[in-house]
Peer 1: 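Here you go, one structure.
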Amino acid sequence: MPVVDVDPDELRQLVGTDKDDDELREDMFALGLEFEGWTDEDEFQLEFAPDRLDRLSVEGIARSLRYQYGTDRGVYIPNTNNAEWTIEVDGPPAERPYVTGAVVRGLEFDERSLESLIQIQEKLHATMGRQRAKGAIGVHDLVALKGTAGAGGGKTIRYTSMDPDEERFVPLESEDGMTPREVTDSHHMGSQYADLVADFEEYPAIYDDIGLFSFPPVINGRRTEVSEDSRDLLIEMTGTDQWTVDHMCNIVCYALSARGGTVERVTVDYTDDTPGEYAGQTLDRPDFTVKTKTVAHDRIESIIGVEFDSGTVLDCLERAGLDGEFDEDDESYEVEIPPYRVDVIHPLDVIDDIGRAYGFNDLDPRYPDVSTVGGRHERSRLEDAARDTLVGLGFEDLLNFHMISAEENYDRLGVEAGTDVVGGGDPVTIREPYSEAYEILRTWALPSLLLVLENNTHREYPQHLSEIGLGAELDDSENTGVAEHQTVAGVLADTEASYEDARGRLQALAQAFDAELETPPTEHPTFISGRTAEVVLDGESAGVIGEIHPKVLVEHDLELPVAAFEFELDALE
């Protein structure tokens, strides 16, 4: 989870309150911000769910507290001046074609506010920007820029491509001019992000009338470095998705607006031959468009469990930083969402805001008005019986996350997505994963078990592990487009582990359920050829069994043999 460092004195100043530290921590907990401890500088360390990216800075947290206290109400849209600057998008790399921007004027920086700006950049890069791969932020001192003069007195900078070996500029934290290739090879900051452009024939570049001043997503030039003396800023963001960079820009603009800055619009002009979906279009940025959601009154009452009048709901909406209008005919609310809220996707997100504004601690617990007798589902009985049998056969039962990275699920086991082998199905991809470690729903459980073995090489052997858990893959024949199944997996990590050992355990498991086991030879990229078999239970193909291939063992830093099996739980019915 993201952790933000916040100076409590600065927070009190921005909120306009004299509450002590304990009261502030209690109020922030009601917002979903958990106190993790103190920094060496006596600042709060706050952890929060990654959906509220607008709270990645002290300015965003202060805004939420002002709404909670009722100091601010409703949707706030910063006033914006007309555009003076234009970003011309002409021939950027096809891998990174999108850009957005804004100008913010009239800022008064000190050490704390400058550190806050740096922190929100870093946190947005790590979360929404996917370590700069999806979106990267550049902030520049506007005084140091010289835009190309345009019609009507406007100024233009250009987002384009450059030869990584011919252009030279002085990057941040450097005294000497370097080529972009030298930056990615040897600069202590630039080399951290070299992999983001490693496959590009030409690198992304932003020029003004003087020359190159930004090498996104790697590093800015020293010429436009922001300091405490900076008053006017140019914010530019490049990425692989226009929606992402636009909303990252909104969050930064709102934070700077809270510091007294005046937001000035920027024109983004895509040339006709620009790669991507905006070729030939002109955009007015930042995009402060207010979106809406329709929420039914009875659903609010059903979810929160309180009978509301419309006035109370509207009051809660305003104290959540939203606006609403009640339609008496439909008994629903048309709710306006501010442009910095990237987390409101479904009406339930609005209902959650209403509940927090009302106060979850003020809800009276009550038993549901139903009467029923519960019992275990037959599927649950089967799962428990199989788990007990595996434990009886000497396996240690595990429960791993159902989400995993594509690399762990496929690449490290030698499996290709979209193939017919066990574990080779097309993955269910998480649209906005909060971590690179959880990109997809796993298609099989064996990768999870091998990860456990990899993380426990310091433990004593033998290690016999099993898991019964979820596997999923895309399937157009399902109503949801996803086929889910319960899978059974086991690994035997031992100096003498072999195919025969794994088959013996599997045979005992099958006999416990009166299932007939057959193991005809087969091939699978995760297992050794000639030491691999198909798992057939009662005449139906259900999985695979064998000895793990040496390449897979080396990939997981395992120095002893591993035998394994995996099959679908339903085959034991």
Side-chain angles (χ1 to χ4, degrees), residues 4 6-35 44 46 48-49 51-79 116 250-251 253-261 288 290-293 295 297 300-301 303-326 332-344 347-364:
V4 175
V6 172
D7 184 329
D9 292 330
E10 185 179 26
L11 181 62
R12 274 185 280 265
Q13 178 183 348
L14 290 170
V15 174
T17 183
D18 57 359
K19 291 193 173 187
D20 61 30
D21 292 348
D22 291 337
E23 291 174 309
L24 283 177
R25 290 202 300 267
E26 183 177 346
D27 292 339
M28 287 187 291
F29 182 78
L31 293 173
L33 295 160
E34 296 192 24
F35 177 73
F44 291 152
L46 303 173
F48 59 96
D51 55 341
R52 288 302 300 267
L53 299 179
D54 57 291
R55 293 174 179 162
L56 284 169
S57 66
V58 63
E59 296 89 357
I61 297 171
R63 179 174 54 245
S64 293
L65 285 173
R66 290 197 302 271
Y67 279 123
Q68 186 182 28
Y69 298 157
T71 307
D72 291 344
R73 299 180 69 87
V75 173
Y76 166 68
I77 306 295
N79 293 323
S116 179
N250 289 348
I251 292 171
C253 285
Y254 267 83
L256 293 174
S257 175
R259 294 286 186 179
F288 285 162
V290 174
K291 60 184 178 182
T292 61
K293 294 287 180 185
V295 187
H297 183 86
I300 296 171
E301 293 183 332
I303 296 296
I304 300 179
V306 174
E307 292 185 2
F308 289 110
D309 60 67
S310 60
T312 301
V313 173
L314 293 172
D315 176 69
C316 289
L317 287 171
E318 290 182 0
R319 289 194 294 108
L322 312 174
D323 275 327
E325 184 175 338
F326 182 58
S332 65
Y333 301 86
E334 191 75 7
V335 181
E336 294 185 348
I337 316 297
Y340 61 82
R341 290 291 299 274
V342 300
D343 59 301
V344 180
L348 286 176
D349 298 316
V350 176
I351 296 174
D352 179 71
D353 279 359
I354 295 171
R356 288 188 182 278
Y358 182 79
F360 286 133
N361 291 335
D362 294 332
L363 301 180
D364 295 324

Peer 1: Roughly how far apart are Asp20 CG and Glu26 CD, rounded to 0.5 Å?
Peer 2: 9.5 Å
Peer 1: Can you confirm whether the side chains of Tyr358 and Asp315 place a donor and an acceptor under 3.5 Å from each other?
Peer 2: no
Peer 1: Look at Asp21 together with Arg12 and state whether they make a salt bridge at an N to O cut-off of under 4.0 Å.
Peer 2: yes
Peer 1: Once you round to the nearest 0.5 Å, how far does CG of Leu256 lie from CD of Glu59?
Peer 2: 7.5 Å
Peer 1: So how far is it from Glu336 CD to Ile77 CD1, rounded to the nearest 0.5 Å?
Peer 2: 8.5 Å
Peer 1: Side chains of Leu53 and Asp343: does their closest heavy-atom pair fall under 4.5 Å?
Peer 2: no
Peer 1: Are Ile337 and Val290 side-chain neighbours, meaning at least one heavy-atom pair lies under 4.5 Å?
Peer 2: no
Peer 1: What orientation do Tyr254 and Phe288 show, parallel under 30°, tilted 30 to 60°, or perpendicular over 60°?
Peer 2: perpendicular
Peer 1: To the nearest 0.5 Å, what is the distance between CZ on Arg63 and OG1 on Thr71?
Peer 2: 14.0 Å
Peer 1: Closest approach of Ser64 and Leu31, non-hydrogen atoms and distance?
Peer 2: CB-CD1, 3.8 Å
Peer 1: Show your working on ring-ring contact (aromatic ring centres under 6.0 Å, His included) between Phe44 and Phe35 and close with a plain yes or no.
Peer 2: CA-CA 7 Å; Phe44 291 152; Phe35 177 73; 5.7 Å; yes
Peer 1: Within the distance-only criterion (no hydrogens, no angle test), does the side chain of Arg356 pair as donor or acceptor with the backbone N or O of Ala30 below 3.5 angstrom?
Peer 2: yes
Peer 1: Are side-chain heavy atoms of Val295 and Ile351 found at a separation under 4.5 Å?
Peer 2: yes
Peer 1: Could you check whether Arg55 makes a cation-pi contact with Tyr340, meaning its NZ or CZ is under 6.0 Å from the centre of the six-membered ring and within 45° of the ring axis?
Peer 2: no
Peer 1: Using a strict cut-off of less than 4.0 Å between a Lys/Arg side-chain nitrogen and an Asp/Glu carboxylate oxygen, indicate whether Glu10 and Arg259 qualify as a salt bridge.
Peer 2: yes
Peer 1: How far apart are the closest heavy atoms of Asp353 and Ala320, and which atoms are they?
Peer 2: CB-CB, 3.9 Å
Peer 1: Taking everything shown except Asp309 itself, do over 12 heavy atoms lie less than 6.0 Å from its CG?
Peer 2: yes
Peer 1: Would you say that Ile61 contacts Val6 through its side chain, given a criterion of any heavy-atom pair below 4.5 Å between the two side chains?
Peer 2: yes
Peer 1: Can you give me the closest heavy-atom contact between Asp54 and Arg341, atom names plus distance?
Peer 2: OD1-CD, 3.9 Å
Peer 1: Is there a ring-ring contact (aromatic ring centres under 6.0 Å, His included) between Phe308 and His297? Walk through the geometry before answering.
Peer 2: CA-CA 8 Å; Phe308 289 110; His297 183 86; 7.2 Å; no
Peer 1: Are Glu301 and Val306 packed together at the side-chain level, in the sense that at least one heavy-atom pair is separated by less than 4.5 angstrom?
Peer 2: no
Peer 1: Mind running side chain to side chain contact (heavy atoms under 4.5 Å, CB included) on Leu65 and Thr17 for me, showing each step along the way?
Peer 2: CA-CA 10 Å; Leu65 285 173; Thr17 183; over 6 Å; no
